[in-house]
Amino acid sequence: RSESYVTLALLDAANDRDPVVQEQVRKSILTLGNQQPDKVLSMCQDYLLKHPKLVVGHRVVILQTIELVVKSRIDDISYPKIKSVIQLASDEMTKSKEVVPEWQQAASNILVAVGNKYINDIMEEILRKFQPGVLPHFFVVQTLANLSDSNVYGMVPFLNAIMGTMLPMLGMTKQDNMKWVFSSALCHFSESILEYLANLDKAPDPTVRKDTFSSEIYSAYDILFNSWMQSRESKLRLTVAEALGSMSHLMAHDKLEEQLPKLLPTILGLYKKNSEHYIISKSLCQILEASVNMGSRVLETQIDGLLVALHQQICSPMDFSNPPTVKNHNEVLRCFTILANTFPDRLMVFVLQRLENSNKRNRMGSLAVLRHLINSSTSIMETKRLLILASIRQPLADHSNKVKKRVVQVISAMAHHGYLELEGGDLLVRFIIQHCALPDTYHRPPDPEEVTNEALRSMCDNTLHLFTTTVGRLTDVLWPMLLCYLTPNQYANATTPLCKSLILLANKKQTAQEPNFIIDFNAQGSFLYRCIGVILQQCYNKELVRKQLQEILIGTRHNDAIERTGVAMGIGLCASSHLDGTLEKLEEFGKSDAFRKASGIFGLLKDKNDVDVEKMKSTLILCYGYVALHAPEDKLLTRIDSDILHNISKNFNTKVKQSGILNCLIHSVGLIAKAISKSVRKQGYLFSRKQELMGVMMVRVLSPVCFKNKVCFSLQCVFPQVLYSDTSTALDELLRNVLARDLSPDGLQSMFKHIESWLSSGQDHERERAVKTTAELLQFYLDNLRVKNLVTFHNLGALVGRLAPRCTDPNPEVRRAAIDCIYRLMYIQLRYEGFSLDYKDDSVEGLLVVREKLSNPDHSVLYKTCSELTKIISKRLPQQQLSTLLFMLYDGLVDAQSNCSRASSVILNTLLKNRGAGLQDLVPEMLEVLHNRLQVIGEEQVKVAIGQSILILATQHLQTVVNTLVAYPLPYDSWSCEMWIALGADSTLALQIMEMIIEKLNVMVPYVDKKESMLRPGLTKVATSQPLAMTCALREMMLNGQSADAVAYLFPKLFSALLVRLGSSVGVQLPKDLNNICVSLCCVLSVAVEALRILLGRAQLDAVMKPLDQEGAWDKMKDPHQHTTGVTLLSRAMAKHAGPRLPSIVESLCPSLCNIYECQRITVTAFFSELLNHHVVTELMILDMLMNNMMERITDTCGTVRMLAVRGLGNIAVGSPEKVNKYAKELLAAMSSGMEENDDPGKLITLEAMSGMSKILLYLDQKNVHLLENDEIRCASIMLLGNLSKFGSGEPVFKDQIHNVLVSLLLHLSDPNPQVVKACKYAMRICAPVIGSEQISAMFQNHLLEEKGLHHGEFINDLTKYLVRSKSFLYYKNTHRIAECLVMLLQDPDPLVRVKAAEAMGHFH
């Protein structure tokens, strides 16, 4: 029957080389199997039995199909068929003693699928192959494990017996793969038992208990933990760990308690030995859960180590594109939850202490734990809420947006659990609102994972909205608190989210008719007045502003201190936009009838009975203070004397005793002083009334205590120099007295450490005081130094390193004092070396000349002088002090003063030039420090100087520098790249480094073959780190324009090395430690391609690069499937635009053709093959060399190399046709050999040979050549068929042929070649009458016109309908004819045709 015929054909095609066809074949067999499961299963079984030598891939597809049929139709398959399927799958699974994963796994899956319903039959079969004393087949154990997962209730009753048989086998097992499968099985068994016990109400045998399995589980544990856990194979260790985690729940309590002190440290130790941590954390979580459930006492002794290890894990960054890292994060959080339930106090102390650590990663990890515990352990955390509220304050001040994001998440969790209602909760609300007001990020962060201000602001907006809408308990916290944030300027950007929340809260309160909906603004202080002030700020109608100010001043209750302050704040805010109008209105109000007139400054007494006037004056004085505070800086100083202080003096009497007006005066003076001090930083100002004001204020110093602090604060603002001189003198005296107690290098260092941090202060006066104080201390030390023995001034280098950069400080006083410090340090050193007190050293005395030059602020003079200073220091500094000085100068590179950071770089490089040759042991450490400094330096000039430092070190210690930088972790971060780029700045040095790298690239192993899985026999190519790093290094060095000379000199070698490296990278994976973190290295191949691209650019070969860019050659080179096409395009571009460079390149590449690495031979052969397509190789006289190499490659072991070599030989006929007859014998032999190639699965070599032969034949006198079929021949054949039908339309044989080829013609209607499509249309119109349907014939005549377009899909649909109705067609050869056609089409070379044929065959039911 047709169904059987079709099914058999599909089974034959099940291993089609195209995966899409293979999948469609499988779907079609499944479709047929769903209709007739027993029949299709029988055919599959028979097929496998009749073809015992079927290739593995083919068997696998058929077995997978059987599995799918069984899964979908298990209830409809007869029992005898089930038995035979079990037998077949069992035999297939164990036929080969070697592990063949795909084959045996497919058979195992059938048994598991059947086992879901027929578990007893399955176990009967499997247990026959699981006998005591004999190691079973790998997949017998694997099948048992999978069955325990898929059918828990069916398998658990068998497990006791299975484990009883298995235990002796564990001791017999020697191979890692068997250890792995036994461990995996024990893990699955344990999980199944636990699931069974957790659902005993559904279980067939509710009497099963945990202790039923405890003895066997412990015996297995003993072998796994004490023996297998020590394996060197990481995958085995992880599987053992996973099993131990599951088994721990089934162990007897006393046994688990006994093992915990060894088990927990071992599991924690796996974190360091394995890069994949999820399995370890999952196992640890299960062990902790089992320990806590049984009430372990031993666990407490392990808590410290557990917390440290878990915290390290939670601090590891999550990569959401890598699910295991997310799973690991969640498992670690589960561990913390388990420990929180048992050790809440110790856990909270630990987490909150870690929260104090300012390291970003540490803090984020701690916050993640805190958030999780708040959400998951509500009852336990109840008593810790106040402690948490206190501890969260430190992260609130963190500058990192990543940390802030995590803080917001914690606050959100706290809100839902009642934290924000407690004391301190308002700080957290304020934090959210502050970040609702964040400004935009003006510079995009370099880290793509960094949280921008916009993202954080949006998150806080949403959080505030959630607080308002979903956390009902917060309503009374937020109302009316949020109103207070509407007026301060720093929250202006948060106005929109605040108003939205306030509207929602107000509506909620109003709807519920809650009494506190109405707000008593007296109780709310000065809020409304500040609101009015903010509104008036934005108002442009001056008359309206004046009118409102009048109403405020008249309507104020001046005897209410809170309202008075609110009025003053509001008027001050208004003055920021309307200073003149506000001052006029205040003066006008001061002259109104409400006030009594007075004369003189601070002169007249008031009427003591009129208390209201006194209160009004208090308001007015306070208003002037806030007006000064908010006034525009450019206008303030011109109005202080005439308008503000003058009017304050009119309203204040020195004999006043009332505290209200005194308070207002003191407050106002403080505000004025603050405003003045801020303004005078930007413009000069003589405070003419300062003495007068000081006199008034000093009187108050003797007033009651309640005023003293306020007065002193105001004095400090107004008159900051009053106490400075005496204080400075006293400080110097104090420091000298302390130093005198220990006049030694250590004593000096002890004093200096208290001053050291002030040397780099951002304030000029602080740096000046610090350096001058240091100079005084050094002079005192020198004057009082009495050297009795020759000792070492061991901290000379550290002191000089800290002080020398200050010699170019922007402040001239600091510069001179710093030179004085260096001068005195040098003489202290001379004293320690044994010189007398009156000895004068010429070089040190030269510092005095340098001191005078430093008075010149010109940068060029300063740095030249700085260089002279360094020469003096270099001459006098002992060798053992040099390293300390250098590392201090490295710190100076990040000095806040750009002058000083530049000076540090000048001193550093001068010292390295003069004395760096003796520092070889320190080179790696110095490079590491420079690498770290590059990360924080923003000054471009200093970055350039660091590059010079690296160059100087490389000049002196080339091999050490290169080895150190190559060893830096991949992918190179931007700072490592800058260091390599710096090495390209000196062409001589770059030449040496490039030669060194080329030499190593030519001999180093580019990759290693590693086994990807214990179950899979194949090997994976994994890149070795050093060649990858060296390729990256070359890429970065060539980015420096100064490397152009070196690149030009070494171009042939560089090009050849990188092309070979390109070949070495095809199909090569990154090392595992790079797979998760790699950002800039998309793949190994990309690195080599990018380096080659930069090489061409640096060699100024734009003409080569242009066609490569246009044709997408770079992307093709990166694609393993199009790699040779990309290399061909590169070769073509080089031949056309860089011909003169080719001889040296070819000479350099030739040795690689004999390389052991197949991928390298492929790349070089592809390059040479295309060169032969161009006449330039004849002109350059390298044709013979290329020809000989291609002839050698046609016997290569690699089929691709042979194919490319044949192509290259054929290309000679295009590139150098005049040479064809010279090599006729060799070329014909090569083409003939290619056409007879046996080891050529895709017939690619044959095709190339035929193509090459056709090219060669144009220039040879040869007749018997078989041409390769092409589109022209196909067109001619189809046209011939059409023309023949004119003569044979009545013949039955011809009709039969037409029916045979009809499907092919229909398919070719969508042929990519338009000429073939036209030929098909012609032939089908001519042949239409033969089909026997008038409708179809008319359809062909109307629609299949050569020049007319055709909608192929609609045409086929309509045609199919006619065919079904046309009995003359359907019954001409019956459905068997269609089946035969479809079977034939399954052999079509076009995979799309095969897919459609297979799809159609699925409908034969």
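Nothing fancy with the numbering, it's 1 onward along the sequence. Computed from a prediction, not measured in an experiment: that's the story for all the values here.
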Query raised in the report: With no hydrogens and no angle check, is any side-chain donor or acceptor of Thr495 less than 3.5 Å from a backbone partner on Ala492?
Result: yes
Requested in this report: Answer whether the closest heavy-atom distance between the side chains of Val545 and Tyr540 falls below 4.5 Å.
Outcome: no
Query raised in the report: Are Lys404 and Met459 close enough that some pair of their side-chain heavy atoms sits under 4.5 Å apart?
Result: no
Report task. For the pair His630 and Tyr626, name the ring-plane relationship: parallel under 30°, tilted 30 to 60°, perpendicular over 60°. Result -> parallel
Query raised in the report: Would you say His558's side chain and Glu563's backbone share a donor-acceptor pair under 3.5 angstrom?
Result: no
Requested in this report: Return yes if some donor-acceptor pair links the side-chain N/O of Thr619 with the main-chain N/O of Arg564 below 3.5 Å, else return no.
Outcome: no
Report task. Kindly indicate whether the side chain of Ile411, heavy atoms from C-beta on, has any atom under 4.5 Å from the side chain of Thr463. Result -> no
Requested in this report: Look only at the side chain of Arg806 and the backbone of Leu759, and say whether a donor-acceptor pair between them is shorter than 3.5 Å.
Outcome: yes
Report task. For Asp398, check side-chain hydrogen bond (donor to acceptor under 3.5 Å, both in side chains) against everything at least two apart and list the hits. Result -> Arg363
**Report entry** Close side-chain approach of Lys500 and Leu464, heavy atoms under 4.5 Å
**Finding:** no
Report task. Check the pair Thr808 / Arg902 against side-chain contact (heavy atoms from CB on, under 4.5 Å), numbers first and verdict last. Result -> CA-CA 9 Å; Thr808 59; Arg902 293 173 190 171; over 6 Å; no
Report summary line: Sorted by chain and number, sequence neighbours left out, salt bridge (charged side-chain N to carboxylate O under 4.0 Å, His left out) with Lys405 holds for none
**Report entry** Check: Ile433 and Leu482 side chains under 4.5 Å, non-hydrogen atoms
**Finding:** yes
Query raised in the report: Just by distance, do the side chain of Ser501 and the backbone of Leu498 share a donor-acceptor pair under 3.5 Å?
Result: no
Query raised in the report: Is it true that Asp580 and Lys635 make a salt bridge, defined as a side-chain N closer than 4.0 Å to a carboxylate O?
Result: no
Query raised in the report: Is the shortest heavy-atom distance from the side chain of Ile503 to the side chain of Asn507 under 4.5 Å?
Result: yes
Report summary line: Sorted by chain and residue number, the side-chain hydrogen bond (donor to acceptor under 3.5 Å, both in side chains) partners of Thr582 (sequence neighbours excluded) come out as none
Query raised in the report: Got Leu583 and Ile644 here, is their nearest side-chain heavy-atom distance under 4.5 Å?
Result: yes
Query raised in the report: Aromatic ring centroids of His646 and Tyr624 under 6.0 Å?
Result: no
Report task. Please report the C-alpha distance between Ile432 and Phe467 in whole Å, then the side-chain angles of each, then the deciding distance to 0.1 Å, and finally whether the side-chain contact (heavy atoms from CB on, under 4.5 Å) criterion is met. Result -> CA-CA 10 Å; Ile432 297 295; Phe467 285 178; 4.2 Å; yes
Requested in this report: Tell me, please, which residues at least two apart from Glu356 pass salt bridge (charged side-chain N to carboxylate O under 4.0 Å, His left out).
Outcome: none
Requested in this report: Could you tell me whether a side-chain N or O of Ser576 sits under 3.5 Å from a main-chain N or O of Gly572, the two making a donor and an acceptor?
Outcome: no
Query raised in the report: Sequence neighbours excluded, which residues qualify as salt bridge (charged side-chain N to carboxylate O under 4.0 Å, His left out) partners of Asp461?
Result: none
Query raised in the report: So, for Val407 and Pro395, which heavy atoms are closest and what is the spacing to 0.1 Å?
Result: CG2-CB, 3.8 Å
Report task. Show your reasoning for whether salt bridge (Lys or Arg N to Asp or Glu O under 4.0 Å) applies to Glu776 and Lys772. Result -> CA-CA 6 Å; Glu776 288 291 327; Lys772 285 185 174 178; over 6 Å; no
Query raised in the report: Can you check whether Leu665's main-chain N or O pairs, donor with acceptor, with Ser668's side chain at less than 3.5 Å?
Result: no
Query raised in the report: CD of Gln490: more than 12 outside heavy atoms within 6.0 angstrom?
Result: yes
Query raised in the report: Is the closest basic N to carboxylate O distance between Lys547 and Glu543 below 4.0 Å?
Result: no
**Report entry** Sequence-distant partners of Glu588, side-chain hydrogen bond (donor to acceptor under 3.5 Å, both in side chains), two or more places apart
**Finding:** Arg546, Lys585
Query raised in the report: Taking His578 for the side chain and Cys539 for the main chain, is one N or O donor matched with an acceptor at less than 3.5 Å?
Result: yes
Query raised in the report: Ignoring hydrogens and geometry, is there a side-chain-to-backbone donor-acceptor pair from Glu766 to Ser761 under 3.5 Å?
Result: no
Report task. Go through the steps for Leu777 and Ile755 under the test side-chain contact (heavy atoms from CB on, under 4.5 Å), then give the verdict. Result -> CA-CA 11 Å; Leu777 281 176; Ile755 304 170; 3.5 Å; yes
Query raised in the report: Okay, side chain of Ser412, backbone of Val408: is any donor-acceptor separation there less than 3.5 Å?
Result: no
**Report entry** Side chains of Tyr485 and Gln434 in contact at under 4.5 Å (non-hydrogen atoms)
**Finding:** no
